[in-house]
Amino acid sequence: MNAKANTAMNRQDFEQALRDKGAYYHIHHPYHRAMYSGQCTPEQIRGWVANRYYYQVRIPQKDAAIMSNCPDASVRRLWLQRILDHDGHEGDVGGIEAWLTLAEAVGLSREEVIDERHVLPGVRFAVDAYFNFARRATWQEAACSSLTELFAPEIHQSRLDSWPQHYPWIEENGYRYFRKRLSEARRDVEHGLAITLDHFTTEAQQQRAFEILQFKLDILWSLLDALTMAYVHQTPPYHTVTDQPVWHRGL
């Protein structure tokens with residue numbers, strides 16, 4: 001019996017198909033559309049910043065998990081930069097600190113963001129699902145899940161272009177994170193994309209890559225779904241049984 005022919009996409013078509021997944025990126029979610037069109041209330045902006053912090057602090061942990069599964073020192077050396085970008089290093093306070101500056105710029109205190117009191121259960125569940133995937137998957141599959149960075153520069157630029165006009169009450173120093181990530185995301189995606197194009201070469205592997213990227217897109221979309229329920233529809237978790245924010249840590 002003849003072996004089944006490999007009907008995998010060539011490298012160029014595979015890359016384009018990955019990029020086409022941008023149609024499902026969370027820049028198209030109604031919550032994001034409202035943010036960059038100036039329709040969000042201060043409470044909705046603060047809710048997004050406070051909840052997104054939980055994603056931000058998990059990113060370097062996720063990247064450390066990927067490195068722990070990768071036996072290739074050359075890959076680890078390049079991937080290490082992602083951790084430094086978020087955690088900081090000499091001469092750069094890092095992305096997490098820049099996010100806390102954003103939090104203060106929108107009127108939140110550092111304490112209430114760091115202690116995660118505002119983090120919704122749906123947000124925590126989705127972010128933890130992403131972290132656990134990266135920890136348990138092969139390092140190539142986990143690297144593939146980072147490819148939402150293909151679309152990230154556009155979303156950062158949209159905030160820089162629209163927020164100062166629509167939300168003049170936000171302090172200007174809060175925008176440092178978005179400016180920082182414009183160049184970092186472009187650099188990171190070159191590495192993650194090269195790993196994906198090199199590793200996922202059969203039809204079955206490429207289909208798996210599409211599934212992984214869609215999973216990550218689902219994670220990001222789900223975060224905004226949770227925020228929509230709490231801050232747009234005013235139906236936070238357990239709103240039918242209590243008026244207290246029982247999702248706060250320690251309660």
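All of these numbers come straight from a predicted model, not from anything done at the bench.
- Heavy-atom contacts from other residues, nucleotides or ligands closer than 6.0 Å to CD of Glu154 number 12 or fewer.
- Trp139 places a side-chain heavy atom less than 4.5 Å from the side chain of Pro71.
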Apply side-chain contact (heavy atoms from CB on, under 4.5 Å) to Leu227 and Arg52, showing your working. CA-CA 10 Å; Leu227 286 165; Arg52 179 79 181 189; over 6 Å; no
Could you walk me through whether Arg159 and His32 satisfy the side-chain contact (heavy atoms from CB on, under 4.5 Å) test, starting with their C-alpha distance in whole Å, then the side-chain angles of each, then the deciding distance to 0.1 Å, before giving a yes or no? CA-CA 10 Å; Arg159 294 163 187 153; His32 259 310; 2.9 Å; yes
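- Under the side chain to side chain contact (heavy atoms under 4.5 Å, CB included) test applied with His26, the options Ile155, Ile219, Leu217, Thr148 reduce to a single match, Ile155.
- Ring centroids of Trp99 and Tyr53 are separated by 6.0 Å or more, keeping the two rings apart.
- Note that CD of Glu104 and CD1 of Ile170 are 14.0 Å apart. Values are rounded to the nearest 0.5 Å.
- Taking a 6.0 Å sphere around OH of Tyr24, one finds it holds 12 or fewer heavy atoms contributed by other residues, nucleotides or ligands.
- Ile114 and Val93 sit in two unconnected hydrophobic clusters of ILVMFWY residues. Membership requires side-chain heavy atoms under 4.5 Å apart, directly or through other members.
- Gln207 places none of its side-chain heavy atoms less than 4.5 Å from the side chain of Phe200.
- Summarising the local packing, CD of Gln234 is surrounded by more than 12 heavy atoms from other residues, nucleotides or ligands at distances under 6.0 Å.
- Contact detail for Arg46 and Gly107: the closest heavy-atom pair is NE-CA, 4.0 Å.
- In this structure the side chain of Tyr130 never reaches within 4.5 angstrom of the side chain of Leu220, judged on heavy atoms.
- The residues Glu172 and Arg179 are annotated as salt-bridged, a charged nitrogen and a carboxylate oxygen being separated by less than 4.0 angstrom.
- Atom CD in Gln214 sits 4.0 Å away from atom NZ in Lys21 (nearest 0.5 Å).
- If you check the side chains of Asp63 and His86, you find no donor sitting under 3.5 Å from an acceptor.
- Shown here for Lys180 and Gly95, the closest heavy-atom pair between the two residues is NZ-N, 3.8 Å.
- At least one side-chain heavy atom of Gln81 sits under 4.5 Å from a side-chain heavy atom of His89.
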Derivation of the side-chain contact (heavy atoms from CB on, under 4.5 Å) call for Asn69 and Thr138: CA-CA 7 Å; Asn69 290 328; Thr138 66; over 6 Å; no
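- Criterion: ILVMFWY side-chain heavy atoms under 4.5 Å apart, direct or through other members. Under it, Phe215 and Phe151 are part of a common hydrophobic cluster.
- The line from CD1 of Ile45 to OH of Tyr167 is 4.0 Å long, rounded to the nearest 0.5 Å.
- Here Thr202 contributes atom OG1 and Arg208 contributes atom CZ; the two are 12.5 Å apart, rounded to the nearest 0.5 Å.
- A donor-acceptor pair under 3.5 Å is formed between the side chain of Glu112 and the backbone N or O of Ser109.
- Heavy atoms only, all atoms of each residue included: Thr201 and Asp198 are closest at CG2-O, 3.3 Å.
- Here Glu190 contributes atom CD and Ile195 contributes atom CD1; the two are 12.5 Å apart, rounded to the nearest 0.5 Å.
- Clustering ILVMFWY residues whenever any of their side-chain heavy atoms sit less than 4.5 angstrom apart, transitively, puts Met229 in a cluster other than the one holding Trp48.
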Begin with the C-alpha distance, continue with both residues' side-chain angles, and end with the deciding distance and a verdict on side-chain contact (heavy atoms from CB on, under 4.5 Å) for Arg33 and Tyr36. CA-CA 5 Å; Arg33 287 180 173 176; Tyr36 59 69; 3.3 Å; yes
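- Looking at heavy atoms from C-beta onward, Met67 lies in side-chain contact with Leu80 at the 4.5 angstrom threshold.
- Residues Gln44 and Tyr31 share a closest heavy-atom pair of O-OH, 2.7 Å.
- Aromatic rings from Phe14 and Phe210 are positioned such that their centres are separated by under 6.0 Å.
- A salt bridge links Asp92 and Arg176; the closest N-O separation between the charged side-chain nitrogens and carboxylate oxygens is under 4.0 Å.
- A cation-pi arrangement is absent between Arg58 and Tyr55 under the rule of less than 6.0 angstrom and at most 45 degrees off the ring axis.
- If you look at Trp163 and Phe178, their ring centroids are closer than 6.0 Å.
- Other residues, nucleotides and ligands contribute only 12 or fewer heavy atoms inside 6.0 Å of the CD atom of Glu111.
- With no hydrogens or angles considered, no side-chain donor-acceptor pair links Thr41 and Glu43 at under 3.5 Å.
- The closest side-chain heavy-atom distance from Val127 to Val119 is not below 4.5 Å.
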Working note: Asp85 + Arg187, criterion salt bridge (Lys or Arg N to Asp or Glu O under 4.0 Å); need CA distance, chi angles, decisive distance, verdict. CA-CA 11 Å; Asp85 287 342; Arg187 180 208 63 214; 2.3 Å; yes
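- Counting only distance, with no hydrogens or angles, the side chain of Asn51 and the backbone of Gly47 share a donor-acceptor pair below 3.5 Å.
- Contact detail for Ala126 and Ser222: the closest heavy-atom pair is CB-CB, 4.4 Å.
- The pair Arg11-Glu15 does not meet the salt-bridge criterion, since no charged nitrogen lies less than 4.0 angstrom from a carboxylate oxygen.
- Placement of Val75 and Ile59 in two distinct hydrophobic clusters is found when ILVMFWY residues are connected by side-chain heavy-atom separations under 4.5 Å, directly or transitively.
- The backbone N or O of Met9 sits less than 3.5 Å from a side-chain atom of Gln206, completing a donor-acceptor pair.
- Cation-pi contact between Arg124 and Tyr54: present, with separation from the ring centre below 6.0 Å and deviation from the ring axis of at most 45°.
- None of Val241, Thr240, Thr235 except one satisfies the side chain to side chain contact (heavy atoms under 4.5 Å, CB included) rule with Tyr238; the exception is Val241.
- Judged by distance alone, with hydrogens and angles left aside, the side-chain atoms of Gln165 form no donor-acceptor pair with the main-chain N or O of Asp161 at under 3.5 Å.
- Counting only heavy atoms from C-beta outward, the side chains of His29 and Asp225 approach each other to under 4.5 Å.
- In this structure, Arg82 satisfies the cation-pi test against Trp79, with its NZ or CZ atom closer than 6.0 Å to the six-membered ring centre and inside 45 degrees of the ring normal.
- Looking only at distances, a side-chain donor or acceptor of His239 sits under 3.5 Å from a matching main-chain atom of Pro236.
- A salt bridge is defined here as a Lys NZ or Arg NE, NH1 or NH2 lying under 4.0 Å from an Asp or Glu carboxylate O, and Arg181 with Asp188 meets this definition.
- Cys144 approaches Thr196 most closely through the heavy-atom pair CA-OG1, 3.5 Å.
- Separation of atoms CD1 (Ile96) and OH (Tyr177) is listed at 9.0 Å; rounding is to 0.5 Å.
- Side-chain contact between Leu120 and Pro237 is present, with at least one heavy-atom pair separated by less than 4.5 Å.
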